Amino acid sequence: MALMGFGAVACEEVNSDVAGEYGVPHVTFSLKARVVDEAGEPIEGIKVRVDWVEEYTNQDGEISINGSVYTGSQNRVRFEDVDGEENGGEFETLTLDITDKVEQTADGSGSWYDGAFKAELGDVTMKLKEE
């Protein structure tokens, strides 16, 4: 049995008042922003990522992200031009610490769920890559 990865495990009750849990601390997070170039024109097709949740800006440069992310990761947002010269040129990748823009909208459960948060960034300006 040991060769097959099976073994004997002794189980005992340590504390019957505490339920076992699996997972990692997480939050529900929503983000809204409008991505523009230095002239204030909207940029379509920018990949916006918070933790593993990602969406792309629409033709008006707007983004709306809703998802579950690791606790603390809701404070960093990455904006990346993935289509090169399309949609107004090739833009530099931008990573923002948005800690001061994040507000908690619901309490957590006192367990692995740490609550709901949101951030509304308004216009986010991306710069063209220098040649």
Side-chain angles (χ1 to χ4, degrees):
M1 287 184 69
L3 293 173
M4 294 172 45
F6 295 102
V9 178
C11 295
E12 63 181 77
E13 187 173 320
V14 176
N15 183 346
S16 62
D17 296 331
V18 177
E21 293 186 63
Y22 297 95
V24 294
H26 66 281
V27 300
T28 304
F29 183 67
S30 70
L31 170 81
K32 291 186 179 185
R34 180 173 174 256
V35 181
V36 298
D37 63 18
E38 292 176 289
E41 295 298 316
I43 308 170
E44 181 178 4
I46 297 295
K47 180 168 71 171
V48 181
R49 183 178 177 116
V50 178
D51 203 0
W52 64 75
V53 180
E54 62 184 42
E55 294 288 337
Y56 293 83
T57 56
N58 65 20
Q59 65 186 12
D60 297 320
E62 296 170 344
I63 186 72
S64 180
I65 290 180
N66 295 290
S68 178
V69 298
Y70 293 129
T71 298
S73 66
Q74 77 271 16
N75 296 326
R76 293 181 60 88
V77 181
R78 180 180 171 96
F79 300 84
E80 184 179 2
D81 182 353
V82 293
D83 64 12
E85 291 292 327
E86 273 187 59
N87 297 312
E90 195 169 354
F91 294 90
E92 295 178 1
T93 297
L94 176 65
T95 302
L96 297 178
D97 180 338
I98 61 167
T99 303
D100 61 333
K101 305 249 186 225
V102 175
E103 69 177 81
Q104 188 163 5
T105 59
D107 291 333
S109 64
S111 185
W112 287 112
Y113 178 63
D114 287 335
F117 294 79
K118 75 174 185 174
E120 294 183 8
L121 304 183
D123 285 357
V124 174
T125 304
M126 293 187 71
K127 296 181 179 182
L128 285 170
K129 284 186 178 179
E130 294 183 22
E131 294 182 30

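Start at 1 with the first residue, then count along the sequence. Predicted model, so just to flag it, every value in this text is computed and none were measured.
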- Message: Ring-plane angle category for Trp52 and Tyr70, please: parallel below 30°, perpendicular beyond 60°, tilted otherwise.
- Response: perpendicular
- Query: Phe79 and Val124: side-chain contact (heavy atoms from CB on, under 4.5 Å), yes or no, with the steps?
  - Reply: CA-CA 9 Å; Phe79 300 84; Val124 174; 4.0 Å; yes
- With Glu80, which residues qualify under salt bridge (charged side-chain N to carboxylate O under 4.0 Å, His left out), at least two apart? Lys47, Arg78
Donor-acceptor contacts, no H, no angles, side chain residues 95-103, under 3.5 Å, sequence neighbours left out:
{"residue": "Asp97", "atom": "OD1", "partner": "Thr99", "partner atom": "N", "Å": "2.9"}
{"residue": "Asp97", "atom": "OD1", "partner": "Thr99", "partner atom": "OG1", "Å": "2.5"}

- Message: Give me the atom names and distance for the closest heavy-atom approach of Ala33 to Leu121.
- Response: CB-CB, 3.9 Å
- Item | Arg49: partners by salt bridge (charged side-chain N to carboxylate O under 4.0 Å, His left out), with sequence neighbours left out | Glu54
- Answer yes or no: is there a donor N or O on one side and an acceptor on the other, between the side chain of Thr57 and the main chain of Ile46, under 3.5 Å? yes
- Determine yes or no for a side-chain-to-main-chain donor-acceptor pair under 3.5 angstrom, with Glu62 supplying the side chain and Asp60 the backbone. no
- Message: Side-chain heavy atoms under 4.5 Å apart, restricted to Ile/Leu/Val/Met/Phe/Trp/Tyr: what other residues fall into the cluster of Val82, or is it alone?
- Response: Tyr56
- Partners meeting salt bridge (charged side-chain N to carboxylate O under 4.0 Å, His left out) with Asp123 (sequence neighbours left out): Arg34
- In terms of hydrophobic clustering (I, L, V, M, F, W, Y; side-chain heavy atoms under 4.5 Å; direct or indirect links), are Tyr113 and Val24 co-clustered? no
- Message: Quick one, Lys118 with Phe29, criterion side-chain contact (heavy atoms from CB on, under 4.5 Å). Give me CA distance, side-chain angles, the key distance, then yes/no.
- Response: CA-CA 6 Å; Lys118 75 174 185 174; Phe29 183 67; 5.7 Å; no
Which pairs would a plain distance check flag for residues 86-94, meaning a side-chain donor or acceptor within less than 3.5 Å of a matching protein atom at least two apart in sequence or in another chain?
{"residue": "Asn87", "atom": "ND2", "partner": "Glu44", "partner atom": "O", "Å": "3.2"}
{"residue": "Asn87", "atom": "ND2", "partner": "Asp83", "partner atom": "OD2", "Å": "2.5"}
{"residue": "Glu90", "atom": "OE2", "partner": "Lys129", "partner atom": "NZ", "Å": "3.3"}

- Item | Test side-chain contact (heavy atoms from CB on, under 4.5 Å) applied to Asp37 and Leu128, step by step | CA-CA 8 Å; Asp37 63 18; Leu128 285 170; over 6 Å; no
- Begin from the C-alpha positions of Met126 and Val35 and carry the test side-chain contact (heavy atoms from CB on, under 4.5 Å) through to its verdict. CA-CA 7 Å; Met126 293 187 71; Val35 181; 3.6 Å; yes
- Message: Between Val77 and Val36, is there shared hydrophobic-cluster membership here, with clusters defined by ILVMFWY side-chain heavy atoms closer than 4.5 Å?
- Response: no
- Task: Output yes when a side-chain donor or acceptor of Thr28 lies under 3.5 Å from a complementary backbone atom of Ser68, and no otherwise.
- Result: no
